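These notes are about the structure you will find just below.
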Amino acid sequence: MTLGDVVARSSLDAAPLLLGWTLLVDGVGGRIVEVEAYTEDDPASHAYGGPTARNAAMFGPPGRLYVYRSYGIHWCANVVCGAEGVGGAVLLRSLEPTHGLGTMASRRGLEEPTLLCSGPGRLAEALGITGADDGAALDRPPFALVPPAAPPAFDATPRIGISRAADAPWRFVVRGSPWLSRGRRRA
DNA sequence: GGTATGATTGACT
DNA sequence: GTCAATCATACCA
């Protein structure tokens, strides 16, 4: 399966399929173990209500990055999914660090491996993703997405940190992974 | 033009 | 467990 095949699907279908892929930025990154899906008709989604200046990338071509500032402090990275003109994206919440641990530790200012990429804000900081990367293509340098040898088993759970549509089980995690956000939430 | 609100994290009680 | 930090965007007047 190619990246193009995955991101052409709606974010709800694409989200679990992105688990296990290895995301690299300039050779630094790791295995995706936790994601959340956001759709256009989802009240919790930035795409809800139609295109605006901020969410433009969500309505653009799939396979690109959508980066936004969270709480005025952190950056959060999404993979745009679906079709151009339709707002949808998959939030990358946590990685299992595999490449460039030293670089990530340096950017994060700490060495504890479980704290490098376990959370959307942490992940973006560790990989050096900022608002300048909004709209960047994920299949071109410095970005790369490598498919897993075999799809991992996963669980679906409610999303974290939202107030609307909080019950929808649109958070997908690699079953049993010790690299999930919020310390170590169970599936 | 003014205000309310987060798809979070880290520090503190 | 609770709470402040910090600011761009969104929405209302």
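Computation of the quantities below employed the complete heavy-atom set of this structure, encompassing side-chain atoms and omitting hydrogens, waters and symmetry-equivalent molecules. Everything numeric here is computed off the predicted structure, so don't read it as measured data. Chain A is the first sequence line, chain B the second, and so forth, proteins listed ahead of strands; every chain is numbered from 1.
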Full working for salt bridge (charged side-chain N to carboxylate O under 4.0 Å, His left out) between A:E36 and A:R159: CA-CA 7 Å; A:E36 287 178 2; A:R159 293 173 293 183; 5.2 Å; no
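- Under 3.5 Å, the side chain of A:Y68 and the base of B:dA7 form at least one donor-acceptor pair of N or O atoms.
- A straight line from CG of A:N55 to P of B:dG6 spans 16 Å, rounded to a whole angstrom.
- Listed here is the closest heavy atom pair of A:M58 and A:A47: CE-CB, 3.7 Å.
- The distance between atom CG of A:L110 and atom P of B:dT9, rounded to the nearest whole Å, is 13 Å.
- Rounded to whole Å, atom C1' of B:dA7 lies 6 Å from atom CD of A:E36.
- In this entry the distance linking CE of A:M58 with P of B:dA7 reads 11 Å, nearest Å.
- Closest approach to the A:P120 side chain among B:dT9, C:dT9, B:dA7 is made by B:dT9 (side chain taken as heavy atoms from C-beta onward).
- Counting to the nearest Å, the C1' atom of C:dA5 and the OH atom of A:Y71 are 12 Å from each other.
- Of the two residues near DNA chain B, A:R108 and A:S163, the one whose nearest nucleotide lies more 5' is A:S163.
- Within the 4.0 angstrom heavy-atom criterion, only backbone atoms of the sugar-phosphate kind lie near A:I162; the bases stay farther away.
- For the OP1/OP2 pair of B:dA7 and a distance below 4.0 Å, the side-chain nitrogens and oxygens of A:R171 include no atom meeting the criterion.
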Determine whether A:E125 and A:R107 satisfy the following criterion, salt bridge (charged side-chain N to carboxylate O under 4.0 Å, His left out), listing intermediate values before the conclusion. CA-CA 7 Å; A:E125 183 176 33; A:R107 286 175 178 151; over 6 Å; no
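- Contact check, A:R122 against B:dG10: a side-chain N or O comes under 4.0 Å of OP1 or OP2.
- For B:dT9, neither phosphate oxygen OP1 nor OP2 lies less than 4.0 angstrom from any side-chain nitrogen or oxygen of A:H74.
- The side chain of A:S45 has B:dA7 as its nearest neighbour among B:dA7, B:dT8, B:dG10.
- An OP1 or OP2 oxygen of B:dG6 is reached within less than 4.0 angstrom by no side-chain nitrogen or oxygen of A:R159.
- The side chain of A:T52 places an N or O atom within less than 4.0 Å of a non-bridging phosphate oxygen (OP1 or OP2) of C:dA10.
- With a 3.5 Å ceiling on both atom-pair distances, the Watson-Crick or G-U wobble partner of C:dA8 is B:dT5.
- Rounded to whole Å, atom P of B:dT8 lies 7 Å from atom CG of A:L91.
- In this structure, CG of A:L12 is placed 15 Å from C1' of B:dA7, rounded to the nearest angstrom.
- Going from atom CZ of A:R69 over to atom P of B:dA7 covers 15 Å, rounded to whole Å.
- We find that the ring of A:Y38 and the base of B:dA7 stack, their centres lying under 5.5 angstrom apart and their planes tilted less than 30°.
- The aromatic ring centroids of A:H46 and A:Y38 lie 6.0 Å or more from each other.
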Worked verdict on A:T157 versus A:R171 for side chain to side chain donor-acceptor pair (under 3.5 Å): CA-CA 5 Å; A:T157 78; A:R171 168 177 177 254; 3.0 Å; yes
